[in-house]
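What follows is one structure encoded as structure tokens, with my remarks underneath.
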Amino acid sequence: MINKLLSILIGIVITANSCSVNVNTGDLNVVPIEEKIITQPILISAYTEYWDAIQHFDFDFVNRYDVSDEQRNFVRGLELVMDGNYEDAEELYLTLFQSSDDSLYKENVAEILQSILSHHSDWEALVILDSQLPGGLDDQNTVGFARAFQKANAECYHFPDNVIELPTDLSISGVPMVEVWVNGKKQIFWIDTGAEMTVLSSDIAETCGVENLSDDKIVLGTSTKHTVESWPGMIEEFRIGELTISNHPVIIIDKKDLEFKLFKIIRLLKIDGIIGWNAIKNLTMEIDYKNGLTVIRKPEKQIIDQRNFHHACTPFLTLSDTTGTPFRMFFDTGANSTKFHDPALIKVDTTELSYGNAIIGGAGGTQRIRQIVLPATSLIIGNHRLDFKQMEAYGDGKKDFFYYDGVIGSDIAKFGTLILDFQNGRCELKLPESE
């Protein structure tokens, strides 16, 4: 339910040559395009086993192979999720869960159901689902959050009539930060789509009167190999500008696990709190990285031709390369760099790859990794082409049920505005008019 907390890239040691473009961030060029440059897409058919294919977003597998009705219905549910139709997907998966006698099938159905129920904050249904599996939903007992939250008062959003404008700074790792009020006390929080829930450092929770809803510690995984202990909490009044969120569920983490130190001695930064996905999904948000301004509006339903912003176990974006090949990328504004994972390597040219080292950081500490370095790579999001002068790749990309092609970080909007409109399945870039 809540495996990924935050991802911060502390440093990279590999560099490469850049080229002349419209907007240049150093490692990335952003080029506005009037229409996509699409040649004949490469058909990727590397997966011949059902679950392997579906976990890598190869839903067309059910059209290429003879599959059971159960297997076809599982994919139909995922297509509903991709289209933002969570209510019909939930109804379908509940039926599939109750009717199937296949233990592996039921476990995978339960994993998607868990994501949908958590997305809807249906804590009671999550607890019931957990009780219906012999081993529970996961071995880290994160359903303990649901048990605590189901006993608390219901969350409620109070939007002002006007648009909210917030001065915005960037952390040393490039993550946007804004002023918030926690039970009437001012704090500075990061905006992090990669944090499944809003996070509070334990010292800030104490200062702001946010108590643990349970004495039971819950162990969480992070973006590194570290794990951290956490507790469920509830902010009675959480204000972001003139927006007030009553009874906002949060994760409380020991302050020492939200500090990042160089050589375990020099403190690089400390995170007091994070505006997480459980808040961001309910907002229309424009983050202007260049001019230091975040604009928040109440979401309004629109007709979108093609959704590119999804949530299935975690928020992710659908991008493509210039041939039209799709890339499913975990969306993490808490990461300062866009990266590939192993699944992307069958979609790109790897004939000139090299190797390098990097240090990544997350809650609980840092980790040194060995990574693949690819030459110039381009991805398309909306009406913009992202030209990376090089692209690093590491890790298998596994997050809960799916294997993702990579991570989209805050670097893509460093000199522009990132538009987050999850309710309409839309994530876009906007460049300064002068560029």
Side-chain angles (χ1 to χ4, degrees), residues 1-2 4-7 57 78-90 112 114-122 155-157 159 163-164 166 168 175-176 178 189-199 238 240-241 243 245 248-249 274-289 294-319 326-335 381-384 399-400 402 404 407-410 412-413 416-430:
M1 180 172 66
I2 307 165
K4 167 68 172 61
L5 293 179
L6 64 158
S7 176
F57 294 94
L78 291 181
E79 291 172 340
L80 289 170
V81 169
M82 295 286 286
D83 288 337
N85 191 343
Y86 295 99
E87 289 75 16
D88 287 351
E90 179 180 340
I112 304 300
Q114 179 184 15
S115 169
I116 295 173
L117 296 174
S118 179
H119 184 68
H120 287 157
S121 301
D122 193 342
E155 184 179 30
C156 186
Y157 283 68
F159 285 91
V163 171
I164 301 166
L166 301 173
T168 304
V175 180
V178 295
F189 275 27
W190 292 23
I191 300 174
D192 186 358
T193 57
E196 190 70 9
M197 297 192 73
T198 295
V199 173
F238 187 42
I240 308 172
L243 166 67
I245 309 174
H248 185 53
I274 295 168
I275 302 174
W277 177 249
N278 60 326
I280 295 170
K281 69 181 181 182
N282 296 312
L283 314 174
T284 296
M285 181 178 287
E286 297 185 12
I287 308 173
D288 186 338
Y289 286 71
T294 294
V295 177
I296 296 175
R297 297 179 175 87
K298 182 178 180 179
E300 295 182 1
K301 194 66 177 177
Q302 300 175 12
I303 298 176
I304 302 296
D305 292 335
Q306 188 172 3
R307 302 172 69 95
N308 71 339
F309 194 179
H310 322 275
H311 184 278
C313 300
T314 196
F316 67 96
L317 302 180
T318 296
L319 293 81
F327 288 75
R328 315 294 187 184
M329 306 283 281
F330 169 51
F331 184 35
D332 186 3
T333 57
I381 177 171
N383 294 320
H384 292 87
K399 294 183 186 297
D400 301 305
F402 290 105
Y404 295 93
V407 177
I408 288 288
S410 280
I412 68 169
T417 300
L418 187 61
I419 302 174
L420 311 181
D421 182 12
F422 174 73
Q423 295 298 318
N424 289 303
R426 179 176 69 106
C427 180
E428 296 180 5
L429 281 175
K430 183 168 63 176

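In terms of modelled atom types and a separation under 3.5 Å, the side chain of Asp122 and the main chain of Leu117 share no donor-acceptor contact. In this structure, the side chain of Tyr86 engages the main chain of His311 through a donor-acceptor pair within 3.5 Å.
Distance check: Arg307 CZ to Leu317 CG gives 12.0 Å after rounding to the nearest 0.5 Å.
The nearest pair of heavy atoms linking Asn278 to Tyr157 is O-OH, 3.2 Å. The shortest heavy-atom contact between Cys427 and Leu418 is SG-CD1, 4.0 Å. Contact record, Asp332 with Val407: CB-CG1, 3.9 Å, taken as the closest heavy-atom pair. Ala195 approaches Ile274 most closely through the heavy-atom pair CB-CG2, 3.8 Å. The shortest heavy-atom contact between Ile280 and Ile275 is CD1-O, 3.5 Å. Considering all non-hydrogen atoms of both residues, Val81 and Ala89 come closest at CG2-CB, 3.7 Å.
You'll find the side chain of Phe331 stays beyond 4.5 Å of the side chain of His310, heavy atoms only. The shortest side-chain heavy-atom distance between Glu300 and Gln423 does not fall under the 4.5 Å cut-off. Side-chain contact between Ile296 and Leu166 is present, with heavy atoms from C-beta onward closer than 4.5 Å. Residues Lys298 and Thr284 are not in side-chain contact: their nearest non-hydrogen atoms beyond the backbone lie 4.5 Å or more apart. For the pair Glu87/Asn85, a side-chain contact is recorded, criterion being any heavy-atom separation below 4.5 Å from C-beta on. In this structure, Leu78 and Phe402 have side chains that are in contact, with non-hydrogen atoms separated by less than 4.5 Å. The closest side-chain heavy-atom distance from Glu428 to His384 is not below 4.5 Å. Two residues are said to be in side-chain contact when any heavy atoms from C-beta on lie closer than 4.5 Å; Ile287 and Ile419 fail this criterion.
Residues His119 and Phe422 place their aromatic rings such that the two centres sit under 6.0 Å apart. Between Phe316 and Phe57, a ring centre-to-centre spacing shorter than 6.0 Å is recorded. Taking the centre of each ring, Phe309 and Trp277 come in below the 6.0 Å mark.
The number of heavy atoms from other shown groups lying within 6.0 Å of NZ (Lys281) is above 12.
Stacking of Lys399 on the aromatic ring of Tyr404 is not recorded, the 6.0 Å distance cut-off and the 45° axial limit not both being met.
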Check the pair Arg328, Met82 against side chain to side chain contact (heavy atoms under 4.5 Å, CB included), reporting the backbone distance first and the verdict last. CA-CA 11 Å; Arg328 315 294 187 184; Met82 295 286 286; 3.5 Å; yes
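A search for side chain to side chain contact (heavy atoms under 4.5 Å, CB included) contacts involving Thr168 returns Pro176, Val178, Thr294, not counting sequence neighbours.
Thr417 and Tyr289 share no donor-acceptor pair across their side chains, judged by distance under 3.5 Å alone.
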